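Below: the structure, in structure tokens.
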Amino acid sequence: SSGINAEYGIDPVFLEPTQTLVVDETSIVPVSYSLAGATDKDTRANSVLRYELLDHTDKFSVEAGSWSGGTLGLSLVINQELDYDDGDTNFVLRINAYDKDDRSGQMTLTVTVNDINDNIPEFESSSYSGSVLEDARTQTVVLNVHATDRDSGANGDVSYSLLGDNLPFAILDSGDIIVTRALDRETVPSYSFQVVARDQGVTPYQSKANVFVQVTDVNDNQPQILSPQNGDTVQLKENLPVGSIVCMVQISDIDSGDNAQITVTLSGSYSDRFEYALKQGNIGQIVTRVVLDREDTASYTLIIRAEDHGQPARSTEVQFTLQVTDDNDNSPVIKNCDQEFTVAENFAGVILSVIATDEDVEDNAAL
């Protein structure tokens with residue numbers, strides 16, 4: 001005999017000194033996982049009695065189980081929630097096995113935490129707003145939205161879609177919302193819809209944000225002169241006082257802002273005898289600036305021009321005729337009445353033919 005008692009002096013040994021454990025992140029704690037334990041060639045009385053965890057004891061602990069096949073059972077207990085998204089992705093743990101005399105053996109355990117899809121995509125804002133010119137070309141970027149997901153891999157990959165009917169927009173992977181077809185503010189001045197962010201998990205999560213897009217006017221419509229119409233004829237009696245109404249003028253422009261503000265000018269024959277007087281909105285009047293005399297000018301050809309204040313400006317014109325109707329303001333004139341004649345008594349016959357005129361017309365000139 002060598003003098004060494006075989007019952008003593010042998011350290012505990014882990015059958016698997018390096019082990020790996022893969023777990024899903026979880027909020028359900030505590031949870032226990034079985035590991036390969038340690039054995040000792042000493043007698044049962046001097047063999048492995050306990051285990052000790054040396055690292056990350058705030059989150060983990062170890063428990064000794066029952067003996068089986070010469071090995072003391074071992075379990076790792078997770079005591080705190082493991083959150084992959086907070087950095088709980090990998091842990092290296094040292095576990096010691098001790099016998100009665102505190103002889104020890106060590107095992108290294110690597111715990112790898114898998115991400116699960118436990119986070120919902122989050123937008124930077126609950127609502128987004130933007131504006132776009134109504135003549136914007138397709139592919140024009142209106143605005144950008146952005147959502148993030150704290151998960152990893154496919155669980156954290158976010159895709160976007162738009163939720164709304166007959167939208168002239170699309171959304172790219174970048175979050176850019178772009179124009180896909182022609183816009184017309186006069187038809188649809190604004191759009192309200194939702195954008196959806198969806199992750200790519202096996203059981204995906206999604207969130208929504210509201211989007212409002214204002215279509216900004218451009219000067220793409222010319223003013224319309226609704227009355228008088230081109231080629232119309234209106235009548236006004238002569239001798240009426242200054243300020244008498246020749247006709248009403250109604251103008252429309254379906255643009256907005258400065259693009260719908262209208263300046264009206266007059267031109268044509270003797271147009272300085274008239275002026276445009278705004279009444280309300282885009283409704284005005286052509287009124288006289290002088291007393292009209294039919295015998296001086298019986299008709300006028302006038303041109304109304306309506307021009308908006310857009311850049312560049314748009315305009316339209318109509319031409320109409322004003323006929324001045326007669327007033328019985330002239331007396332008949334006998335042209336050859338200043339003559340003397342001597343006739344014999346009892347003369348029968350034509351003594352003198354006279355000529356009379358009247359500058360008025362129709363009944364006013366009938367003699």
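None of the values given here were measured: they were computed from a predicted structure. Here, residue 1 is the first one in the sequence, and each next residue gets the next number.
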In short, Y276 meets L266 closest at the heavy-atom pair N-CD1, 4.0 Å
Would you say that Y33 contacts V111 through its side chain, given a criterion of any heavy-atom pair below 4.5 Å between the two side chains? no
Nearest-0.5 Å distance, CZ of residue R198 to CD of residue Q206: 5.5 Å
Verdict with supporting geometry, T138 and T180, side-chain contact (heavy atoms from CB on, under 4.5 Å): CA-CA 5 Å; T138 57; T180 57; 5.7 Å; no
Are side-chain heavy atoms of D173 and Y160 found at a separation under 4.5 Å? no
State, to 0.1 Å, how close P228 and F320 come at their nearest heavy-atom pair, and which atoms those are. CG-CD2, 3.9 Å
Taking it one step at a time, do Y300 and V324 satisfy side-chain contact (heavy atoms from CB on, under 4.5 Å)? CA-CA 8 Å; Y300 298 85; V324 182; 3.7 Å; yes
Verify the neighbour count for atom CZ of R181: are there more than 12 heavy atoms of other residues, nucleotides or ligands below 6.0 Å? yes
Given the rule in the side-chain contact (heavy atoms from CB on, under 4.5 Å) test, do V215 and V188 qualify, once you have shown the distances and angles that lead to the verdict? CA-CA 8 Å; V215 182; V188 184; 5.9 Å; no
Which heavy atom in L292 sits nearest to a heavy atom in E238, and how many Å separate them? O-CB, 3.4 Å
Student check: side-chain heavy atoms of N119 and Y205 closer than 4.5 Å: no
For the pair S252 (side chain) and Q224 (backbone), establish whether a donor and an acceptor sit closer than 3.5 Å, ignoring hydrogens and angles. no
For R273, give me all partners under salt bridge (charged side-chain N to carboxylate O under 4.0 Å, His left out), at least two apart in sequence or on another chain. D296
Using modelled atom types and a 3.5 Å cut-off, is there a donor and acceptor pairing between side-chain atoms of Q250 and backbone atoms of L226? no
Indicate yes or no for a side-chain donor-acceptor contact from N117 to the backbone of T203 under 3.5 Å, with no hydrogens or angles considered. yes
I need the single residue from L109, I95, L35, L54 that forms a side chain to side chain contact (heavy atoms under 4.5 Å, CB included) with V62. Which is it? I95
Would R314 and D308 pass as an ion pair if we require N to O under 4.0 Å? no
Could you report the tightest heavy-atom contact between R137 and V179, atom names first, then the distance? O-CB, 3.8 Å
Tell me whether L53 is reachable from I78 by hopping between hydrophobic residues (I, L, V, M, F, W, Y) whose side-chain heavy atoms are closer than 4.5 Å. yes
Flag side-chain contact, heavy atom, 4.5 Å: R185 against D220: no
Is it true that L143 and L163 fall in one hydrophobic cluster, defined by side-chain heavy atoms closer than 4.5 Å? no
Euclidean distance, D88 CG relative to T112 OG1, rounded to 0.5 Å: 12.5 Å
Student check: side-chain heavy atoms of L133 and T140 closer than 4.5 Å: no
V287 reachable from I304 in the ILVMFWY side-chain graph, under 4.5 Å edges: no
Separation of R294 CZ from D326 CG (nearest 0.5 Å): 4.5 Å
With rounding to the nearest 0.5 angstrom, report the CG to CD distance, N239 to E295. 7.5 Å
In this structure, would I10 and Y98 fall into the same cluster of hydrophobic residues linked by side-chain contacts under 4.5 Å? no
Should D118 and R150 count as an ion pair when the cut-off is N to O under 4.0 Å? no
Counting neighbours of CD on E25 that are heavy atoms of other residues, nucleotides or ligands and sit closer than 6.0 Å, is the number greater than 12? yes
Compute whether any side-chain donor of one residue and acceptor of the other, for N221 and D255, lie under 3.5 angstrom apart. yes
Without swapping roles, check the side chain of T39 against the backbone of G70 for a donor-acceptor pair under 3.5 Å. yes
Is a side-chain N or O of Y51 found less than 3.5 angstrom from the main chain of G37, in a donor-acceptor match? no
So, do F91 and L82 sit near enough that their side-chain heavy atoms are less than 4.5 Å apart? yes
Is the shortest distance from a Lys or Arg side-chain nitrogen in D102 or R50 to a carboxylate oxygen in the other one below 4.0 Å? yes
Minimum heavy-atom distance A147-F123, with the two atoms named: CB-CD2, 3.8 Å
Please check if any side-chain donor atom of R305 sits under 3.5 Å from a side-chain acceptor atom of S315, or the reverse. yes
Atom CZ of F212 with >12 non-hydrogen neighbours under 6.0 angstrom: yes
Consider only side-chain N and O atoms of N210 and Q194, and report whether a donor and an acceptor are under 3.5 Å apart. yes
Checking side-chain contact (heavy atoms from CB on, under 4.5 Å) for the pair Y84/N155: CA distance, chi angles, key distance, verdict? CA-CA 12 Å; Y84 183 97; N155 295 331; over 6 Å; no
Do the non-hydrogen side-chain atoms of P223 and E307 ever get within less than 4.5 Å of each other? no
Listed by chain and number, what are the salt bridge (charged side-chain N to carboxylate O under 4.0 Å, His left out) partners of D24, not counting sequence neighbours? none
To the nearest 0.5 Å, what is the distance between CG on D176 and CZ on F169? 13.5 Å
Can you confirm whether L236 sits close enough to T288 that some side-chain heavy atom of one is under 4.5 Å from a side-chain heavy atom of the other? yes
Would you check if there is a donor-acceptor pair between the side chains of T233 and Q323 at a distance under 3.5 Å? no
Tell me whether E81 contacts the main-chain N or O of N79 through its side chain, where contact means a donor paired with an acceptor under 3.5 Å. no
State plainly whether one hydrophobic cluster holds both L240 and V291, where clusters connect Ile, Leu, Val, Met, Phe, Trp and Tyr through side-chain heavy atoms under 4.5 angstrom apart. no
Correct closest heavy-atom pair for A197 and V158 would be CB-CG1, 3.7 Å
Look only at the side chain of T321 and the backbone of T301, and say whether a donor-acceptor pair between them is shorter than 3.5 Å. no
